Amino acid sequence: MNEPTGRIFGELPAALVDEFLSRAGELSNKLINDFHQLRKQYDQWRNDLQASKILGSDAEVAHPNIPTTCGIDGAYAVERLLASDLVAAAAVAVEGLTPPSETRHWPEPRHRAWVQSETHHSDTGTVLRALMIGYELQLAVEAPHQIVMLDGSLTTPLIYFNQALNKSRETGHLQTTGQFIDQILTFLEAYRTVLTSPRSDRSWTGLPKYTTRREVGQYLQWSSPQDDRSLLSFLLKPGEYTNPIALQQLAEPWHLNLAPLTAQALSDAELIHNDIVAALNDIRVVYYRPSPWLPALRIEMAQSIATNRNRLAELLWGLRHQCLTATVLEPYPLYMADRMVKHLAMVIPTLRQVTSQQMAEAYQGDINDVFIGLHSYRTESGF
């Protein structure tokens with residue numbers, strides 16, 4: 001939760017606060033200059049978009065029935081205690097605004113959670129983050145909705161999984177690592193499904209808020225180093241989108257270190273890994289601005305969606321239906337899922353307090369051991 005306005009600077013030295021505030025004018029002037037420099041090129045860039053024939057309008061695509069949607073997000077937290085680490089990871093799914101004709105109900109639970117105490121290790125968060133995103137993918141493939149939105153890039157799971165697998169030997173004594181390794185095949189199968197979207201009645205998509213990629217800028221040879229999303233938020237008119245374009249690839253090929261897996265799991269994992277790499281090379285990107293009050297949405301999707309005009313139209317209209325209010329700057333279900341998971345880090349201290357009270361009642365030794373051992377000095381979290 002945000003600090004009350006009167007306490008924002010309460011713990012900082014007055015001189016440091018004064019220095020920060022004194023630089024606000026300088027910062028404002030620099031940003032204004034940057035805006036003016038970009039604005040001078042807007043007309044030329046807009047002409048480039050129109051001449052390249054990559055612009056489309058949602059008014060020109062088919063108007064399907066409003067699809068059902070859901071948004072999925074996750075969070076993790078590591079509470080660094082004196083004697084151990086208290087770790088937690090969770091993924092939640094939130095249904096979108098329901099179409100008027102929809103009568104089906106998605107039963108509970110719509111979440112995955114992991115809570116555990118671990119011995120101290122600097123890489124616990126790396127494995128926990130991969131477990132979190134695996135849970136997100138599991139929820140995504142279980143969701144019965146026509147449009148399933150993931151908060152983030154479709155490339156992120158591979159990166160997180162690879163980082164965790166690289167650390168799995170060093171962290172093999174952690175229960176979190178055991179949980180991750182035990183479920184890695186399930187996670188990879190879910191990831192393959194999300195990347196390929198093989199079912200015609202279901203589409204999975206990634207919507208990263210922050211991105212540095214420049215597929216459109218590179219295609220049109222724009223000199224500005226600004227990322228596509230920031231520029232297209234000003235260049236696209238409401239209702240406009242860019243036609244699907246290939247995902248900007250990394251300098252190194254996509255890779256997943258499967259060596260830590262058992263021989264039994266390795267053969268299955270290698271087949272899935274090959275499918276995942278092929279699907280990542282075929283990912284397509286669309287930028288869409290559903291309304292005047294929204295920045296452009298970066299939409300990453302499988303090639304099977306991008307090449308099917310009916311599925312692409314359903315995706316665009318599904319997103320448009322979830323962006324109906326100016327107070328929310330992203331699709332409604334992703335906004336709600338994001339709000340929920342951001343509270344995870346704030347729940348951990350309460351969990352620690354309840355745990356310490358129960359331990360104090362049952363512990364047979366010196367009660368000071370409990371309170372000293374569970375003393376917290378840092379919380380690490382991520383989304």
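Keep in mind that what you see is a predicted model, and the values were worked out from it rather than measured.
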In chain order, what residues pass the salt bridge (charged side-chain N to carboxylate O under 4.0 Å, His left out) check against [X], with sequence neighbours excluded?
| X | result |
| --- | --- |
| Asp58 | Arg320 |
| Arg213 | none |
| Glu215 | Arg298 |
| Arg199 | Asp201 |

What are the two closest non-hydrogen atoms of [X] and [Y], and how far apart are they?
| X | Y | answer |
| --- | --- | --- |
| Leu150 | Glu136 | CD2-O, 4.2 Å |
| Gly206 | Leu154 | N-CD2, 3.7 Å |
| Gly318 | Pro67 | CA-CG, 3.5 Å |
| Leu231 | Ser224 | CD1-OG, 4.3 Å |
| Ser233 | Pro295 | OG-CB, 3.4 Å |
| Ala130 | Ala164 | CB-CB, 3.4 Å |

Cationic N near anionic O, under 4.0 Å, Asp85 to Arg80: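 Yes, Asp85 and Arg80 are salt-bridged.
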Same cluster or not: are [X] and [Y] linked, directly or through other Ile, Leu, Val, Met, Phe, Trp or Tyr residues, by side-chain heavy atoms under 4.5 angstrom apart?
| X | Y | result |
| --- | --- | --- |
| Met132 | Val194 | yes |
| Leu235 | Leu316 | no |
| Ile72 | Leu188 | yes |
| Leu185 | Val277 | yes |
| Ile305 | Leu319 | yes |

Between side-chain atoms of residues 30-37 and protein atoms elsewhere (two or more places apart, or another chain), which donor-acceptor pairs fall under 3.5 Å?
unit_1	atom_1	unit_2	atom_2	d
Lys30	NZ	Asp34	OD2	3.1

Trace of the side-chain contact (heavy atoms from CB on, under 4.5 Å) decision for Leu334 with Leu207: CA-CA 9 Å; Leu334 284 182; Leu207 284 90; 4.0 Å; yes
Please check if the side chain of [X] supplies one atom and the backbone of [Y] the other of a donor-acceptor pair under 3.5 Å.
| X | Y | answer |
| --- | --- | --- |
| Ser304 | Pro198 | no |
| Thr205 | Glu300 | yes |
| Thr193 | Glu189 | yes |
| Asp227 | Ser230 | yes |
| Arg202 | Val148 | no |
| Asn29 | Gly25 | yes |
| Glu118 | Gln175 | yes |
| His111 | Ala91 | no |
| Asn243 | Gly56 | no |
| Arg289 | Leu297 | no |

Polar contact flag, side-chain donor to acceptor under 3.5 angstrom, [X]-[Y]:
| X | Y | value |
| --- | --- | --- |
| Asn310 | Glu314 | no |
| Gln138 | Thr186 | no |
| Thr69 | Gln322 | yes |

Note, Leu315 side chain near Ile147 side chain (heavy atom, < 4.5 Å):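 Yes, close enough: below the 4.5 Å cut-off.
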Contact check, side chains of Asp123 and Val127, non-hydrogen atoms, under 4.5 Å: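 Side chain of Asp123 against side chain of Val127, heavy atoms only: no contact under 4.5 Å found.
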All pairs passing ring pair (Phe, Tyr, Trp, His ring centres under 6.0 Å) where residues 244-293 contributes a residue, at least two apart: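 Found none.
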Inter- and intrachain pairs under ring pair (Phe, Tyr, Trp, His ring centres under 6.0 Å), touching residues 212-252, at least two apart: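 Listed once each, the pairs are Tyr42-Phe234, Trp45-Trp222.
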Please report the interatomic distance [atom1]([X]) to [atom2]([Y]), rounded to the nearest 0.5 Å.
| X | Y | atom1 | atom2 | answer |
| --- | --- | --- | --- | --- |
| Leu55 | Leu49 | CG | CG | 5.0 Å |
| Ile283 | Thr155 | CD1 | OG1 | 9.0 Å |
| Thr242 | Ile299 | OG1 | CD1 | 8.0 Å |
| Ile133 | Asp73 | CD1 | CG | 9.0 Å |
| Leu97 | Thr68 | CG | OG1 | 12.0 Å |
| Ser200 | Asn308 | OG | CG | 8.0 Å |

side-chain contact (heavy atoms from CB on, under 4.5 Å) between Met301 and Ser203, intermediate numbers included: CA-CA 8 Å; Met301 66 192 75; Ser203 297; over 6 Å; no
With [X], which residues qualify under side-chain contact (heavy atoms from CB on, under 4.5 Å), at least two apart?
| X | value |
| --- | --- |
| Thr327 | Thr325 |
| Thr212 | Tyr210 |
| Gln303 | Asp282, Arg284, Thr307 |
| Ser168 | Thr177, Ile181, Pro260 |

Test log, rule side-chain contact (heavy atoms from CB on, under 4.5 Å), inputs Trp114 and Leu128: CA-CA 9 Å; Trp114 173 257; Leu128 190 64; 3.8 Å; yes
Verdict with supporting geometry, Asp48 and Gln44, side chain to side chain donor-acceptor pair (under 3.5 Å): CA-CA 6 Å; Asp48 291 344; Gln44 179 59 52; 2.9 Å; yes
Leu131/Tyr135 under side-chain contact (heavy atoms from CB on, under 4.5 Å): CA gap, chis, key distance, verdict: CA-CA 6 Å; Leu131 184 65; Tyr135 286 162; 3.9 Å; yes
Geometric class of the Tyr191/Phe161 ring pair [parallel <30°, tilted 30-60°, perpendicular >60°]: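 Because their plane-to-plane angle is over 60°, the rings of Phe161 and Tyr191 count as perpendicular.
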Atom CD of Glu26 with >12 non-hydrogen neighbours under 6.0 angstrom: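 Result for CD/Glu26: open.
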Whether over 12 other heavy atoms sit under 6.0 Å from Phe187 CZ: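 Yes, CZ of Phe187 has more than 12 neighbouring heavy atoms, counting only those of other groups under 6.0 Å.
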Side-chain hydrophobic cluster, 4.5 Å single linkage: members besides Leu174: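 None; Leu174 is a cluster of one.
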